[in-house]
2 protein chains.
Amino acid sequence: MIKDKDVYLNERVEQLKLACQKQGMRVTQQRIEIFKEVAKSCAHPDAETIYESVKERMPNVSVDTIYRTLASLEELNMIFRVDNQLPKARFDADMTPHHHFLCIKCNEVYDIFLEPGEELVLPKNAEQYGTIKDVNLQIRGICKKCLEKIEK
Amino acid sequence: MIKDKDVYLNERVEQLKLACQKQGMRVTQQRIEIFKEVAKSCAHPDAETIYESVKERMPNVSVDTIYRTLASLEELNMIFRVDNQLPKARFDADMTPHHHFLCIKCNEVYDIFLEPGEELVLPKNAEQYGTIKDVNLQIRGICKKCLEKIEK
DNA sequence: TCCTTAATAAGAACTATTCTTATTAAAGTA
DNA sequence: TACTTTAATAAGAATAGTTCTTATTAAGGA
């Protein structure tokens with residue numbers, strides 16, 4: 001049974017509200033709009049993109065609020081920053097464990113989900129360095145779309 | 001038989017010279033010094049750190065040369081950029097395949113080498129996204145040193 | 001409804017990096 | 001070895017992404 005996108009989004013917004021209350025953080029309109037913008041995108045948007053979209057609905061929103069809010073959403077564990085070597089930070093609101101394929105041509109980020117039962121095996125001596133908080137597999141390459149363009 | 005550090009460094013500098021010649025790039029003093037600085041460090045230094053060190057031997061070296069040279073060394077496949085979520089890019093001259101443990105407290109980067117015979121298993125559907133050029137496993141956590149500090 | 005203060009808007013400031021331009025030096029040639 | 005060409009450099013200005021400062025607003029408890 002496939003969950004409706006709006007239902008999913010509403011659920012996540014409710015989670016955000018609860019998380020805010022738990023942390024004594026206020027549930028502001030900006031926080032909700034910015035979170036929704038990340039949560040409904042599958043493009044792993046950067047701050048500027050989020051700013052442009054949110055501004056359409058909230059014309060007075062400031063760039064600073066975007067950055068500040070993204071940082072607070074990160075602290076609340078509602079979104080995370082996707083590792084990349086580009087100057088702009090990119091964000092992802094899908095907190096289910098997954099990895100990423102980054103295209104070195106178009107900078108698109110694709111999600112890689114493990115198949116059921118599949119599990120990422122860590123290097124044997126990974127734990128000797130300290131307490132592991134987060135594991136991230138980045139696969140860099142040229143995506144199918146770009147490969148097609150090159151062929152032409 | 002453990003290879004002497006200086007021997008290793010000289011070997012790598014020779015590789016750099018060959019790579020430059022192959023690409024029609026000039027073997028400049030700056031290129032060599034900057035490369036050596038990255039190659040002899042195990043701290044995955046950032047551009048500023050490299051600049052400060054190189055400046056001791058070449059007082060007139062410019063910040064721009066550091067960045068430009070690091071980019072050209074990257075193109076020559078003599079160094080690479082370590083993924084991280086911090087504002088400063090960090091560099092690694094060890095091109096043997098390995099992964100990283102990043103401490104979220106002190107920002108130290110530790111190398112994780114696979115044991116002989118060990119191999120990183122990629123997600124089954126990783127290849128469906130395109131041609132893979134590079135695979136990178138980042139493990140984020142709190143390093144032993146920082147854990148000790150916290151205990152005290 | 002009022003009050004407290006966390007969160008915000010606006011724009012200045014900052015930091016890492018890149019660009020511009022005149023100068024230097026690598027390396028091929030005479 | 002000196003000469004020539006031009007890639008690479010130094011210096012500092014410029015830019016891009018992000019963060020800070022301060023006055024104002026609004027969330028949410030009283």
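Below, chain A is the first sequence line, B the second, and so on; all start at residue 1.
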Original post:
Under 4.0 Å between a side-chain N or O of R68(A) and OP1 or OP2 of dA7(C)?
Top reply: no

**OP:** Measure from CD on E33(B) to P on dA25(C) and round the result to the nearest Å.
**Re:** 15 Å

Original post:
Of all the choices, dT21(D), dC19(C), dA10(D), which nucleotide is nearest to the side chain of V61(B) once you look at every atom?
Top reply: dA10(D)

Original post:
For E108(B), what residues pass the side-chain hydrogen bond (donor to acceptor under 3.5 Å, both in side chains) criterion, not counting sequence neighbours?
Top reply: none

**OP:** Considering just the side-chain nitrogens and oxygens of Q30(B), establish if one lies under 4.0 Å of OP1 or OP2 belonging to dA10(D).
**Re:** yes

**OP:** Rounded off to whole Å, could you give me the CD-to-P distance for the E52(A) and dG17(D) pair?
**Re:** 12 Å

Original post:
Just how far, in rounded Å, is C1' of dA9(C) from CE of M58(A)?
Top reply: 11 Å

Original post:
Hey, does the side chain of Q29(B) come within less than 4.0 Å of dA26(C)'s phosphate (OP1/OP2), counting only N and O?
Top reply: no

**OP:** Would you please confirm or rule out a distance under 4.0 Å between OP1 or OP2 of dA10(C) and any side-chain N or O of S62(A)?
**Re:** no

Original post:
Is any side-chain N or O of Y67(A) closer than 4.0 Å to OP1 or OP2 of dT19(D)?
Top reply: no

Original post:
Rounded to whole angstrom units, what separation is found between the CG atom of L70(A) and the P atom of dA7(C)?
Top reply: 15 Å

Original post:
In whole Å, what is the span from the CD atom of Q85(B) to the C1' atom of dT19(D)?
Top reply: 18 Å

Original post:
Can you tell me if CD on E127(A) sees more than 12 non-hydrogen neighbours from other groups inside 6.0 Å?
Top reply: no

Original post:
Which distance, rounded to the nearest 0.5 Å, do you find between the NZ of K40(B) and the NZ of K5(B)?
Top reply: 10.5 Å

Original post:
Roughly how many Å is it from CZ in R81(A) to P in dG17(D), rounded to a whole number?
Top reply: 14 Å

**OP:** Indicate yes or no: at least one non-hydrogen side-chain atom of V109(A) is less than 4.5 angstrom from one of R90(A).
**Re:** yes

**OP:** May I ask you to decide if the ring planes of F80(B) and H100(B) are parallel, tilted or perpendicular, using 30° and 60° as cut-offs?
**Re:** tilted

Subject >> N or O in side chain of T65(A) less than 4.0 angstrom from dA9(C) OP1/OP2 >> reply: yes

Original post:
Rounded to whole angstrom units, what separation is found between the CZ atom of R90(A) and the C1' atom of dT18(D)?
Top reply: 17 Å

Original post:
Would you say the side chain of R26(B) and the base of dT6(D) hold a donor-acceptor pair, judged only by whether the two atoms sit under 3.5 Å apart?
Top reply: yes

Original post:
Mapping K88(B) and T69(A) to their closest nucleotides on DNA chain C, which lands nearer the 5' end?
Top reply: T69(A)

**OP:** May I have the distance from I32(B) (atom CD1) to dA27(C) (atom P), rounded to whole angstrom?
**Re:** 9 Å

**OP:** Give a yes/no answer on whether the side chain of T28(B) brings an N or O atom under 4.0 Å of OP1 or OP2 in dT9(D).
**Re:** yes

Original post:
So which one's nearest nucleotide on DNA chain D is more toward 5', N60(B) or M25(A)?
Top reply: N60(B)

**OP:** Classify the nucleic acid contact of D64(B) as base, sugar-phosphate or nothing, counting any heavy atom under 4.0 Å across all strands shown.
**Re:** base

